[in-house]
Amino acid sequence: TNVNEMLAYAANAELNAGDSEGSGFNNPRDFSSAGGEPFRIRGIPGGVSTDYVENSAPQDLYNVERAEVASGPNSILFGSGDAGGLVSLTSKKAQVNRNRYSASAVFGSWAYERYSTDLNQVIVPKTLAVRFNGIYGNQKSWRKYEFNDTKRATGSVTYKPFAKTSISFNYED
């Protein structure tokens, strides 16, 4: 559901679990560019970008179509990236080819609940489409007053006036 969980399955990625005071890897300042999701790739701090723009806000993958992990020098060759690596996320955009509807619900320990939806509607075939992604999540903990609530929504419009021209607009709240 987030970048840290995704990187648990990536090669050469080291997550910052942190200690009781929140300082993982003995120096929390090493991860200023990673924002809420500090990690290292090949031993050097890494960064996150969304749609080719560096993003230090904590990410939820409910509206991500594709995720790539670039290690080492590959992450800084084209665009802005950290020397350790870059997690490049691509947002879901409206697709003009077909309708798509999906919803999911997940339940777990400590009153964990997560509901998500992905709705893609073609307005004019092969020309205009809209897409909505939404998520609502609620999680408590065994610790008193600790919780994680999530309410997010993303809207997307794609207009394809010509065969090789596509204009997209995304908004996330």
Side-chain angles (χ1 to χ4, degrees), residues 1-25 28 30-41 45-70 75 81-82 84-95 98-122 129-158 168-173:
T1 61
N2 60 44
V3 173
N4 274 348
E5 288 178 0
M6 181 189 75
L7 286 175
Y9 299 97
N12 296 321
E14 179 182 15
L15 303 176
N16 179 14
D19 58 17
S20 61
E21 297 175 8
S23 60
F25 301 127
D30 283 346
F31 304 98
S32 59
S33 64
E37 300 166 317
F39 59 91
R40 291 182 181 178
I41 297 177
V48 177
S49 74
T50 304
D51 294 329
Y52 306 107
V53 177
E54 191 172 353
N55 188 351
S56 61
Q59 296 293 311
D60 192 299
L61 302 181
Y62 80 100
N63 66 343
V64 171
E65 190 85 46
R66 179 184 174 110
E68 299 176 39
V69 179
S75 67
D82 291 328
L86 179 70
V87 174
S88 180
L89 305 174
T90 304
S91 298
K92 291 180 179 177
K93 293 181 177 42
Q95 301 295 319
R98 68 183 179 108
N99 295 330
R100 177 188 168 143
Y101 313 107
S102 67
S104 68
V106 179
F107 302 97
S109 302
W110 303 108
Y112 177 79
E113 57 184 348
R114 179 182 172 94
Y115 307 95
S116 63
T117 185
D118 183 357
L119 310 169
N120 187 81
Q121 179 66 47
V122 175
V130 295
R131 190 169 192 171
F132 172 78
N133 295 294
I135 187 163
Y136 171 80
N138 190 0
Q139 179 180 8
K140 294 185 176 41
S141 173
W142 60 274
R143 293 184 182 132
K144 204 171 192 179
Y145 306 116
E146 183 178 341
F147 61 91
N148 185 6
D149 293 342
T150 302
K151 293 179 195 170
R152 297 183 183 204
T154 302
S156 173
V157 176
T158 298
S168 293
F169 172 77
N170 289 355
Y171 178 78
E172 182 175 6
D173 183 24

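The model shown is predicted, which means the values in this text are computed figures rather than measured ones.
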Would T50 and N55 count as a side chain to side chain donor-acceptor pair (under 3.5 Å) here? Give the steps. CA-CA 6 Å; T50 304; N55 188 351; 3.2 Å; yes
Taking salt bridge (Lys or Arg N to Asp or Glu O under 4.0 Å) as the cut-off, I'd like each qualifying pair that reaches into residues 144-158, sequence neighbours left out, listed once. R143-E146
Do T117 and Y62 have side chains that approach each other closer than 4.5 Å (heavy atoms only, starting at C-beta)? no
CG on L89 to CG on L61, rounded to 0.5 Å: 6.5 Å
Evaluate the salt bridge (Lys or Arg N to Asp or Glu O under 4.0 Å) criterion for residues E113 and K140: first the C-alpha distance (whole Å), next the side-chain angles of each, then the deciding distance (0.1 Å), finally the verdict. CA-CA 9 Å; E113 57 184 348; K140 294 185 176 41; over 6 Å; no
List for me each residue that meets side chain to side chain contact (heavy atoms under 4.5 Å, CB included) alongside Q121, sequence neighbours excluded, and say none if there are none. N99, Y101, I123, V130
The single option from N63, L119, D118 passing side-chain contact (heavy atoms from CB on, under 4.5 Å) against R131: D118
Just verifying a value: how many Å separate R66 CZ and S91 OG, rounded to the nearest 0.5 Å? 13.5 Å
For the CG atom of N138 and the CZ atom of F147, what is their distance to the nearest 0.5 Å? 9.0 Å
Give, for atom CG of N133 and atom NZ of K92, the distance between the pair rounded to the nearest 0.5 Å. 5.0 Å
Separation between OG of S88 and OH of Y52, rounded to the nearest 0.5 Å: 6.0 Å
Any side-chain heavy atom of L7 within less than 4.5 Å of one from E14? no
Could you tell me whether the side chain of N2 reaches within less than 4.5 Å of the side chain of Q59, counting heavy atoms only? no
Heavy-atom closest pair, residues F132 and A153: CE1-CB, 3.9 Å
Apply side-chain contact (heavy atoms from CB on, under 4.5 Å) to the pair L86 and E54, showing each step before the final yes or no. CA-CA 9 Å; L86 179 70; E54 191 172 353; 6.0 Å; no
With the side chain counted from C-beta on, respond yes when N170 and K93 share a heavy-atom pair under 4.5 Å apart, and no when they do not. yes
Approximate separation, where rounding is to 0.5 Å, of S156 OG and E172 CD: 11.5 Å
What do the steps show when you test V157 against Y171 for side-chain contact (heavy atoms from CB on, under 4.5 Å), and what is the final call? CA-CA 9 Å; V157 176; Y171 178 78; over 6 Å; no
Enumerate donor-acceptor pairs with a distance under 3.5 Å from any side-chain N or O in residues 102-112 to protein atoms, sequence neighbours excluded.
residue : atom : partner : partner atom : Å
S104    : OG   : S116    : OG           : 2.7

For a 4.5 angstrom cut-off between non-hydrogen side-chain atoms, does Q95 reach T158? no
For N120 and R98, which heavy atoms make the closest approach, and how far apart are they? ND2-O, 2.9 Å
Can you confirm whether V64 sits close enough to T90 that some side-chain heavy atom of one is under 4.5 Å from a side-chain heavy atom of the other? no
